[in-house]
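The structure appears right after this line, and notes come after that.
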Amino acid sequence: MLTLTSEIRTPYHRLRAGAKLAALCAATVALFVLDSVAAMMLANAAVAGLYLVAGWRFLHAGLGLLKPVWFFVALVLAWHGLTGDLRAGTVIALRLIAAVALANLVTMTSRFDDLVEVVMWGLSPLRRLGVRTAPIGFAIVLVVRFIPVMLDKARLLIDAWRARSPRRPGWQVALPITLVAVDDAEHVAEALRARGGFDMD
Amino acid sequence: MERQVTLIALFAALIAVLGLVPKFTLASGIPITAQGMGIMLCGTILGARRGALAVLLFLGLVALGLPLLAGGRGGLGVFAGPTVGFLIGFPIAAFVTGWIMERMRGAPVFPAAICAAVIGGILVLYIPGILGMVAMLDLTVTQATLSMAPFIPGDLIKAGLAAALTAALYKARPASVLSRA
Amino acid sequence: MTPDSTAMGPVRLTGVSHGFGARTVLRDLSLTLSERRIGIVGRNGSGKTTLSRLIAGLIAPDAGQVTVAGVDVARDRKAAIRTVGILFQNPDHQIIFPTVEEELAFGLRQLGHDKTAARAEAHAMLARFGRADWSERPVATLSQGQRHLVCLMSVLAMAPRVIVLDEPFAGLDLPTTRALRRYLDAVPAQVIHVSHDISALSGYDRAIWLEGGGVAADGPAEATLAAYLKAMEALGDADADL
Amino acid sequence: MTPDSTAMGPVRLTGVSHGFGARTVLRDLSLTLSERRIGIVGRNGSGKTTLSRLIAGLIAPDAGQVTVAGVDVARDRKAAIRTVGILFQNPDHQIIFPTVEEELAFGLRQLGHDKTAARAEAHAMLARFGRADWSERPVATLSQGQRHLVCLMSVLAMAPRVIVLDEPFAGLDLPTTRALRRYLDAVPAQVIHVSHDISALSGYDRAIWLEGGGVAADGPAEATLAAYLKAMEALGDADADL
Ligand SMILES: Nc1ncnc2c1ncn2[C@@H]1O[C@H](COP(=O)(O)OP(=O)(O)OP(=O)(O)O)[C@@H](O)[C@H]1O
Ligand SMILES: Nc1ncnc2c1ncn2[C@@H]1O[C@H](COP(=O)(O)OP(=O)(O)OP(=O)(O)O)[C@@H](O)[C@H]1O
Ligand SMILES: O=C(O)CCCC[C@@H]1SC[C@@H]2NC(=O)N[C@@H]21
Ligand SMILES: [Mg+2]
Ligand SMILES: [Mg+2]
């Protein structure tokens, strides 16, 4: 669930992650500077256009990722409706949609390891101060790995429970799931060591 | 080194996974979430320094735009919301929880963890949380403090669960409880 | 011990399809499995584990129905656990509890045995495989083959009418393999056995070869396995440049 | 490809002991492994995996020393990963990354290859095993045998001087097993191969039988394996009541 990188190949996949992030920053700043409904509508149309370049299926996938935003859009509109400033509400809502959709576009078309590399590049000045930055990069990658794997392992464990019990598992699986997660972390640590771990930077 | 970094990453991920437990947002805009238990576990299991690092790692990923906060929120925007005090308080809370845990090395794990989680994960966390609400929601300190009342029962349950889990983990995998290693 | 399973009704798949997202793994499969010893073979990724999980009712088919002795295993879980037991391919996916005895006793408790009885039966099963000293052992301190054996004993202890085994011998040493084989030969339950080790299936009543989402061959074990082996050897020579 | 490993110095264990808590698994083991193809056999829990991890430097011995081509593998990790590669017994313990290509490329990056080179080599390895289409696949969507192959390819891609394989064939289908065997026959590296499948070790230069914390037999593969097989069969008959 976390590697949101889309399997649909797009022209954006080929662009450098750093360039995409820089463009995203600039565009987001611009979105916050602009302050009219017309500008925001235009911005949204432009973003939709960017998605469409990669095809309808990709646009559809992008809309799927926007799901959590609609709740806030509704909230913002309702709030501003109550306070009587619907124009401001519309601008904020449209800006939110455009900003999140743009950020998602970068996420969907960049491999996570490329993004991390950009972060590591950003951290590289710290290295001159004697800070070991390699473990930070690993830690980021590992969190992203652990989230889906933890859910997967929990699912497997619940399957193991279901194979032998008609009842739904309850709190009794909290400890087993924790153990599986901790064991997994220990295995990953060993697998890292087997291929050099952090001593290689 | 690899072990410690992987365990830190694991607990950052654990906080994120706890964010999938449905949250319930009160009128003040502050949600009741299970993530607070993740913060407590970071302290009781990983100890002060590593626990705080795990939380910082989690917050770093949130800032990078991953939707890891309860309800699938993320990005820099959340640091401008009414919960920013709690977000700042999270690593402090994990640190204090872990610090107490490490001070109470002589005591059995369960009571030590309960004590640490209540002081670090509730009392210490509420202070920046309240200050954040004062700043962002334009409340008085008294109003903000009173608005914390609904969280207390839930947070006490979370402290109990965190302590029970820590004690059970200590029994099954003592080497993985870094606060006691 | 349960009575001979085949008297109770077969494992029946009717028009079963199953996939993950866009990938269809099994397509419109219909099978009636009533022989006592059935082997399942096929290449990596051919859907053997998916079929096993369907028969055990752990996943519901996207289309079609799976019944075992008349029980809709995906829906009626209570009846299903008395009817089918499954050994997972990876022991680490199957073990739930931290100690060996808890792991074995769990399934027995779920069948309604009380705590003392469940423990006694767990001990009896451990003793039967010469591992009486394991009961207090934390599972994490066992080697992989030892963990595999714990999973097997947990399934066998529940004495289900149909036993689905996904690579039961992988990782077991020779004496343990032989002991298990003797046990399986004697057990009255129906055995559905997934394996890459063709020799483990010799003497079986029937074998099914899965490929490309369907059945490539099905029939008496000797004939099916010979055909599978031949095809696999031909394949091996086709990409000899590997 | 790396030059023939045996020219570079053998795997040497000197007075090695290792245990977990109170349980001693290997006791005062001294071995010099210089043959090109070495098999390790022994019962479940006899310490084969422990020995593999010691040789790969993943655990440090409680007493004694393990060196490979002069490198103290537990201490000098940087030299160790160029020297020894290990295939874990359980693929799920080995896989770190969410996609196949990342998993393969990781070790290559660790060897200092730049990103583009690492990716290209990962693709070449996938193509070599006829799995070019896997590079973008999430590892979680592969079957167990397929994940096992991913682990193998990741180890082989790093072209270490010594390859330690802990049950490499368990769960692989016949054509893949054959392809891997051909690959291993041709690879110049030294291979240390742990297996319960005796036939997988036929033709090897040497075999070592572990038992009771030490070496029960050691010598030319044919002789050692025959002795092991015979002892295991005798054991099987001893507890025939199982
Ligand atoms: N969770 C999943 N998501 C997507 N695809 C999956 C998933 N699980 C399995 N698959 C795919 O389904 C197919 C069948 O997998 P299955 O595990 O049933 O194979 P198998 O015959 O048991 O293989 P093996 O011999 O390697 O154990 C494979 O191609 C696999 O890639
Ligand atoms: N973490 C651990 N804690 C305690 N004991 C352990 C641990 N890991 C392994 N052991 C014990 O060490 C012994 C050797 O284990 P090891 O995994 O090396 O066996 P193995 O020969 O590889 O067995 P298998 O054929 O089943 O894979 C076993 O008796 C096992 O119970
Ligand atoms: O998700 C966020 O933005 C932070 C939420 C902080 C919620 C605080 S943590 C302490 C207290 N207990 C709860 O259950 N919620 C609040
Ligand atoms: Mg399978
Ligand atoms: Mg082993």
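No experiment lies behind these values; they were computed from the predicted model shown. Residue numbers begin at 1 in each chain, while the letters A, B, ... track the order of the sequences.
Of all heavy-atom pairs spanning B/Leu14 and A/Met150, the tightest one is N-CE, 3.6 Å. The heavy-atom pair separating B/Ala9 from A/Ala139 by the smallest distance is CB-O, 3.8 Å. Residues A/Phe146 and B/Ala13 come closest through the heavy atom pair CB-CB, 3.5 Å. Of all heavy-atom pairs between B/Ala168 and A/Leu175, the closest is CB-CD1, 3.6 Å. Nearest heavy-atom pair across B/Ala172 and A/Leu179 is CB-CD2, 3.8 Å. Between B/Val5 and A/Pro135, the shortest heavy-atom contact is CG1-O, 3.9 Å.
Considering only residues two or more places apart in sequence or on other chains, A/Ser124 meets the side chain to side chain donor-acceptor pair (under 3.5 Å) condition with none of them. Scanning for ring-ring contact (aromatic ring centres under 6.0 Å, His included) contacts around B/Tyr170 gives an empty result, with sequence neighbours left out.
For A/Val119, the part lying under 4.5 angstrom from a heavy atom of chain B is the side chain only. For chain B, the nearby part of A/Asp183 is the side chain; its heavy atoms alone come within less than 4.5 Å.
Applying the 6.0 Å contact sphere to CZ of B/Arg49 captures no more than 12 heavy atoms from other residues, nucleotides or ligands. Dense packing is recorded around CH2 of A/Trp161, with more than 12 heavy atoms of other residues, nucleotides or ligands lying under 6.0 Å away.
Screening residues 8-22 of chain B for salt bridge (Lys or Arg N to Asp or Glu O under 4.0 Å) gives no qualifying pairs among residues at least two apart or on separate chains.
Residue B/Met1 holds its CE atom at 12.5 Å from CZ of A/Arg193, rounded to the nearest 0.5 Å. To the nearest 0.5 angstrom, A/Leu142 atom CG is 9.5 Å from B/Leu10 atom CG.
In terms of heavy-atom pairs under 4.5 angstrom with chain A, the leader among B/Leu161, B/Leu169, B/Leu57, B/Leu41 is B/Leu57.
Contacts between residues 100-113 of chain B and chain A, counted as heavy-atom pairs separated by less than 4.5 Å, involve no residue at all.
In this structure, a donor-acceptor pair under 3.5 Å is absent between the side chains of B/Thr6 and A/Glu186.
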